[in-house]
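Just below is one structure, and these are the notes that go with it.
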Amino acid sequence: MSTVDLEPLDLHTMPKENTRKRGKRKHASQPDAAAAEAPVAAHHAPPEAPDAAVPEQPSWIVPSTSTSAFDPALPFGAASADLKAYLRTIDTQLSNLDPSNEDDDPSLILSAALSEISGHELALGTDPETALVMERMVARMGDWERRVLGDRFCGSYATLVAHRFGSHVVQTWLEQADFVLQREMSGEVASEPVPEGEELPPPEEAGTLRTMAELLGDIVEELLPALPDLILHPHASHPLRLLLLLLSPNPPAPAPSSSSTATTASLIRSKKSQHYLSKQETPSAVPAPTSSSSTRKVPPAFPPLLARCVDAIRAGLRAGSEVRAFGVGQVGAPVLQMLLRFEAEQGGSGERGSLMDGWLDGLVSHLNDPSHSTTDLPQSAHVLTTLSDTTSSHTTELCLLLAPPRILRALWSTYLSAKQGARTVKHPVGNFVWARAVERLGAVRAEEWVPEALRGAAEVLKGLGAKLVKTGRAGPLRALVDAAAAQGSHEAETLSVVLSAFGLDPADETRMAHAVGCVAEMVPFKTYRKLHKSLFKPSTTSGDADTPQPEAEEDEDDEEEEEEEGDESGPPRKRRRKAGSAAEEDPNADTSTLQGALLLQSLLRLSSPHNTPIVSSILALEPERILHLSASPTASRVLDALLDAPSVSLKDKRAFRMRCLGRYHEMADLRVGSRVAEKVWATGDGYFKEKFAAALMPHEQFLAASFFGRFLARKVNLSLFRRRRDDWRAWIKEQYIPTPTPAPTPTPAPTPTPAHAPALSTTTTASTAAAPAPPAETKTKKRPAPEEDEIDALFKAAGAAGEGEKSRAEKRTERKAAKRAKKEKEGR
């Protein structure tokens, strides 16, 4: 083996690493050797200037003379510090303006600020210090200023939407652009504001500013080539989804029976962004249009643009595997959900090769193939995985909501019924998908297989209801109750499943008396009895159901329950311990839960007599317990549902109103209870309202001194009830007389009057047609009028005589003026 002679290394010529020990102080007298000896690659540096003074260094080190480099964080350069400080000062000044002060004109301040930052919008919109200020300024701008800002951004939208801070500015601008677009579609096109004393330059010199519709169309054309790549960008996805929504005449609304989580806002902003923006209240210079209709007005060119955008995104999703890979990511899943909604609007969800077909792993193609069986379908591993995945389960829920009935039936029978349905219900994520499927079953009409599917859903929950209650997952139970009430089938089985889940039996009156408390707190009856021992009085009869069991037996039952629950019972056990400690410390503590209150409201909507056990449980409550429920922001909604539910009989509603008669002044003194008391007053009839007012009369001073009760006293009109009860009754009667609303009917053609018909005066006919039917006369006892004084009578007579003389003088003047006009006319 040959040897190679190595020259010794010169340690003095080797570059030193720019390292510094922690805590070692660097003296000012020492030269900055690290900066002078930092190595720089020679191929990155330009040639050395001849007159530059270069210190003695090794020949392979060439110093760099270029100080400007491209910063990806600031693609349009950095704005000056003075401009950023000025913009922050203007933002603070606009935020601190007093709206009631007429001297503070925000438009002048905003106009001056926009003139100052003209030409620097791109740099300020991507700067981390001023991006949020730019968002607030966009909200304060008028329609003309927003169009100018959008025009300044043109040509750079691809860079802006992919920027960390610029994407938020573009998204805020698009949100405000929708309001401008709707006003332009109504004919309100903003013109350039002209300051006082100035004139606009001619259009040949100033140019023409594009309308918002033209701007949005040009933005789509600019982004269309890069749309398939940008739509999956973590920063660009949100503003691009909003842009697609603006192009649609019917924004993707929640499907039937969907909850508020599937709103359009969730498609364009994350929960974190919505929570942050809820704290940033920025007043808008132009109010947003308020319209009760969900249909938007868009230019005729927008639907073709939307179709081109959807086709550009779907160009890379040819195979079903690509659709499934696209929808499992946190960025691609919302995009796929939006595309599925657009596809459902066009009626293409049930076609072979659709996006829904790709996501469901060829289920639609299998159903459309006549050679395949539609009853025994194979299960897909992908669909089974999505039932329990945190991200992709939302897309599967959307497919259940948008799928045609035949596809929904196949999904239910293959993945959500029998044993597979039981496994899905027990899963922490899958129970939401199963509940959404049952909600969709309640919305499907005129399908023979739906009642049988509801019966199967009840069978699935029959053995799992107790576990759902212990783990605090009431969604499947509530979905089943709502679906049974909507379809009007299997309501008795549904009620039995829910009551057995809480350990309640309709035949046991003692337990059913506490059904409202058990369901409201989402605990079984045994746990409820242990937490509220004061509500159960010991009985001498050993066979009574309300006799407390020995502590040892209760502990054994609790241990068995905890062993059955396993690891999933941790949070509910903590919740029950917290509720028990709160009930022991304060008997009036609010221990009701949101899920329990919603479940009770759904049970009250069942048809009679299936809702009778719950109604009877509410009527069996003591007035103290009803006051306790009315003070709860959550449980008070159950009392509202009892008064509003059409399936609850009028007799039961009247019995509930009479239950707390004499205690409504205490209810009105509560912050939430005052609203319930007003609800009871508003839903009662005239006879009950008189009893209600009579019961409040002894406590009039108490209500007047109460912060919340005074509003009830004002609604009841206790002052009129105390002074003139007959007038109060007439006032109540007027509230029940419906006020006629004149309908715009065409004017009928005049009919000829017969010769023998009596001629009616015009005044009488007009007054009869215009005046409504007089209300029924009420015999009221009026106080006798006091005797008129002689002096008052004299003044009244003098005033009447003066008015008569004045009217005669006016008539005399009018006659003279008419004669004078007639003479002038004859002279001409």
Side-chain angles (χ1 to χ4, degrees), residues 278 281 516-517 520-521 532 534-535 579 582-583 585-594 596-598 600-601 604 617-645 648 652-725 727-729 731-732 734-736:
S278 63
E281 295 293 340
V516 174
E521 298 184 14
H532 303 276
S534 60
L535 300 178
E585 295 175 0
D586 184 10
N588 296 325
D590 182 18
T591 55
S592 58
T593 61
L594 177 62
L598 293 175
L600 281 173
Q601 296 176 45
L604 287 173
S617 177
I618 297 177
L619 296 180
L621 296 175
E622 296 293 333
E624 289 290 342
R625 187 64 177 167
I626 295 179
L627 291 176
H628 175 67
L629 293 178
S630 66
S632 170
T634 305
S636 62
R637 299 297 179 178
V638 180
L639 306 180
D640 294 346
L642 175 66
L643 296 172
D644 293 335
V648 179
D652 293 335
K653 293 180 181 180
R654 180 175 177 80
F656 171 74
R657 296 190 193 99
M658 299 297 294
R659 187 69 176 167
C660 289
L661 195 64
R663 305 290 298 274
Y664 283 111
H665 64 283
E666 300 178 23
M667 185 183 294
D669 191 37
L670 304 173
R671 182 179 65 88
V672 182
S674 60
R675 183 189 55 79
V676 180
E678 293 179 5
K679 184 80 172 181
V680 172
W681 160 263
T683 55
D685 54 6
Y687 298 100
F688 171 77
K689 286 186 176 181
E690 186 170 356
K691 293 182 179 180
F692 189 92
L696 293 180
M697 276 303 302
H699 311 283
E700 184 179 6
Q701 297 298 328
F702 173 81
L703 293 175
S706 174
F707 183 79
F708 301 105
R710 56 181 178 175
F711 300 103
L712 179 64
R714 193 178 305 166
K715 281 196 172 184
V716 178
N717 204 351
L718 285 180
S719 60
L720 180 62
F721 183 82
R722 183 185 69 254
R723 293 183 286 108
R724 297 188 300 274
R725 188 163 298 190
D727 294 348
W728 184 87
R729 292 193 186 101
W731 171 69
I732 290 294
E734 291 176 359
Q735 298 179 3
Y736 289 95

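Just so you know, these numbers use all the heavy atoms, side chains as well, and skip hydrogens, waters and symmetry mates.
A 4.5 Å side-chain heavy-atom check between R671 and F707 finds every atom pair outside the cut-off. Between L712 and S674, every side-chain heavy-atom pair lies at or beyond the 4.5 Å cut-off. Put simply, the side chain of L643 reaches to within 4.5 Å of the side chain of F656, judged on heavy atoms. In this structure the side chain of I618 reaches within 4.5 angstrom of the side chain of L604, judged on heavy atoms.
A donor-acceptor pair is defined here as one N or O able to donate and one able to accept, closer than 3.5 Å; no such pair exists between the side chain of S636 and the backbone of L629. Within the 3.5 Å criterion, the main-chain N or O of A645 finds a donor-acceptor partner in the side chain of K653. With R654 contributing its side chain and D685 its backbone, the two residues share no donor-acceptor pair below 3.5 Å. Proximity of a side-chain donor or acceptor of R659 to a complementary backbone N or O of L621 within less than 3.5 Å is detected. In this structure, Y664 contributes its side chain and R657 its backbone to a donor-acceptor pair below 3.5 Å. Under a 3.5 Å cut-off, the side chain of S632 and the backbone N or O of D590 do not form any donor-acceptor pair. For S706 (side chain) and L703 (main-chain N/O), no donor-acceptor pair under 3.5 Å exists by modelled atom type.
Considering CE of M697 and CZ of F692, their distance stands at 13.5 Å, rounded to 0.5 Å. Here the CG atom belonging to L600 is positioned 11.5 Å from the OG1 atom belonging to T634, to the nearest 0.5 angstrom. Within the model, atoms NZ of K679 and CG of L639 stand 11.0 Å from one another, a figure rounded to the nearest 0.5 Å. The NZ atom of K691 sits 4.5 Å away from the CE atom of M658 when rounded to the nearest 0.5 Å.
The two atoms that bring A694 and P698 nearest to each other are O-CD, 3.4 Å, heavy atoms only.
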### Criterion side chain to side chain contact (heavy atoms under 4.5 Å, CB included) on R725 and E690, from CA distance to verdict
CA-CA 9 Å; R725 188 163 298 190; E690 186 170 356; 4.1 Å; yes
#### Entry: From CA spacing to verdict: side chain to side chain contact (heavy atoms under 4.5 Å, CB included), L594, L598
CA-CA 6 Å; L594 177 62; L598 293 175; 4.2 Å; yes
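Using bins of under 30°, 30° to 60° and over 60° for the plane-to-plane angle, the ring pair F702/H665 lands in the perpendicular bin. Between W728 and W731, the two ring planes are tilted [angle within 30° to 60°].
For R625 and E622, the salt-bridge test fails: no basic side-chain N is under 4.0 Å from an acidic carboxylate O.
Among residues two or more places apart in sequence or in another chain, the side-chain hydrogen bond (donor to acceptor under 3.5 Å, both in side chains) test is passed with R722 by E700. Listed by chain and number, the residues in a side chain to side chain contact (heavy atoms under 4.5 Å, CB included) with R637 are Q601, D640, R675 (sequence neighbours excluded).
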